[in-house]
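First the structure, in the form of structure tokens, and then the observations on it.
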Amino acid sequence: QVQVVESGGGLVQTGGSLRLSCTVSGLSFDDYAMGWFRQAPGKEREGVSCIVSSGSGTYYSDPVEDRFTVSRDNAKNTLYLQMNRLEPEDTAMYYCAARSSALCSDSWYRPSRYNYWGQGTQVTVSS
């Protein structure tokens, strides 16, 4: 059984930082590209970042480019998202997802491209 568990969310002031973690079990983690998504109340789930299975390639959405950094430790089956210079607009539930492909591809930001999802961790940025 595949389990995807996010952690590290919380309340932070504007300009602060948080590091999210996502631990995966029940699959060969280093065979899967991994993505981070977020969903704010009343909005659709949106892609934040994707990292290929080897960790050698990363993708970011425009709103987080240059502020967020995705990484992974395949030895620990863990995905990370370092979030710096946080803004109130970053407030959302953040989800980790695994894709049954080693690559992110051009459609990495589409939730339908991912096969396994966690329950999410809440990030709230106060102004």
Check your understanding: Taking the six-membered ring for Trp, are the ring centroids of F68 and W36 within less than 6.0 Å of each other?
Key -> no

Point to revise | same_hphob_cluster(V12, M83) at 4.5 Å side-chain heavy-atom cutoff | key: yes

Revision key, fill the gap. Output for pair (Q82 CD, S49 OG), nearest 0.5 Å, gives 12.5 Å

Check your understanding: Would D31 and S53 satisfy side chain to side chain contact (heavy atoms under 4.5 Å, CB included), going step by step from the backbone distance to the final call?
Key -> CA-CA 6 Å; D31 286 338; S53 62; 5.7 Å; no

Check your understanding: Roughly how far, to the nearest 0.5 Å, is OG of S100 from OH of Y32?
Key -> 4.0 Å

Review point. Side-chain heavy atoms under 4.5 angstrom apart, residues restricted to Ile, Leu, Val, Met, Phe, Trp, Tyr: same cluster for V2 and M34?
Key: yes

Practice item. Taking the side chain as every heavy atom from C-beta outward, state whether S126 and T14 have any pair of such atoms under 4.5 Å apart. Key: no

Exercise for review: Say whether, by atom type as modelled, one donor and one acceptor occur between the side chain of T78 and the main chain of K76 under 3.5 angstrom.
Suggested key: yes

Review point. When you measure from the side chain of Y59 to the backbone N and O of G35, does any donor-acceptor pair fall under 3.5 Å?
Key: no

Check your understanding: Between R72 and G55, is there a donor-acceptor pair closer than 3.5 Å when you use the side chain of the first and the backbone of the second?
Key -> no

Review point. Do Y80 and L20 sit in the same hydrophobic cluster, where Ile, Leu, Val, Met, Phe, Trp and Tyr count as joined when their side-chain heavy atoms come under 4.5 Å apart?
Key: no

Check your understanding: Taking everything shown except Q13 itself, do over 12 heavy atoms lie less than 6.0 Å from its CD?
Key -> no

Point to revise | Q122/L11 under side chain to side chain contact (heavy atoms under 4.5 Å, CB included): CA gap, chis, key distance, verdict | key: CA-CA 8 Å; Q122 178 68 38; L11 174 64; over 6 Å; no

Practice item. Apply the test side chain to side chain contact (heavy atoms under 4.5 Å, CB included) to residues S105 and R99: give CA-CA distance (whole Å), side-chain angles for both, the deciding distance (0.1 Å), then the verdict. Key: CA-CA 10 Å; S105 88; R99 179 177 180 186; 2.9 Å; yes

Point to revise | Spacing of R45 atom CZ and S112 atom OG [to the nearest 0.5 Å] | key: 12.0 Å

Review point. What are the two closest heavy atoms between A98 and L27, and how far apart are they?
Key: CB-CD2, 4.3 Å

Point to revise | Pairs touching residues 35-95 that satisfy disulfide (SG to SG under 2.5 Å), sequence neighbours left out | key: C50-C104

Review point. Would a distance-only check, ignoring hydrogens and angles, find a side-chain to backbone donor-acceptor pair under 3.5 Å from Q3 to S25?
Key: no

Review point. Among all residues two or more places apart in sequence or in another chain, which pass the salt bridge (charged side-chain N to carboxylate O under 4.0 Å, His left out) test with R38?
Key: E46, D90

Practice item. Kindly say whether Q119 contributes a backbone atom to a donor-acceptor pair with the side chain of E6 at under 3.5 angstrom? Key: yes

Exercise for review: Would you please test V70 and L79 for side chain to side chain contact (heavy atoms under 4.5 Å, CB included) and show each step?
Suggested key: CA-CA 8 Å; V70 63; L79 175 74; 3.8 Å; yes

Check your understanding: Backbone N or O of P63 within a donor-acceptor pair of the R67 side chain at under 3.5 Å?
Key -> yes

Review point. Can you get from L81 to Y116 by hopping between Ile, Leu, Val, Met, Phe, Trp and Tyr side chains that sit under 4.5 Å apart?
Key: yes

Revision key, fill the gap. Rounded to the nearest 0.5 Å, the CG atom of N84 sits from the CG atom of L18 at a distance of 9.5 Å

Exercise for review: Output yes when a side-chain donor or acceptor of T121 lies under 3.5 Å from a complementary backbone atom of G9, and no otherwise.
Suggested key: yes

Check your understanding: Does S28 use its side chain to pair, donor to acceptor, with the backbone of D30 at less than 3.5 Å?
Key -> no

Check your understanding: Which residues satisfy the side chain to side chain donor-acceptor pair (under 3.5 Å) test with Y114, sequence neighbours excluded?
Key -> none

Exercise for review: May I ask whether W108 and I51 are part of the same hydrophobic cluster, defined by side-chain heavy atoms of I, L, V, M, F, W, Y residues being less than 4.5 angstrom apart, directly or through others?
Suggested key: no

Point to revise | Parallel, tilted or perpendicular: rings of W117 and Y95 (30°, 60°) | key: perpendicular

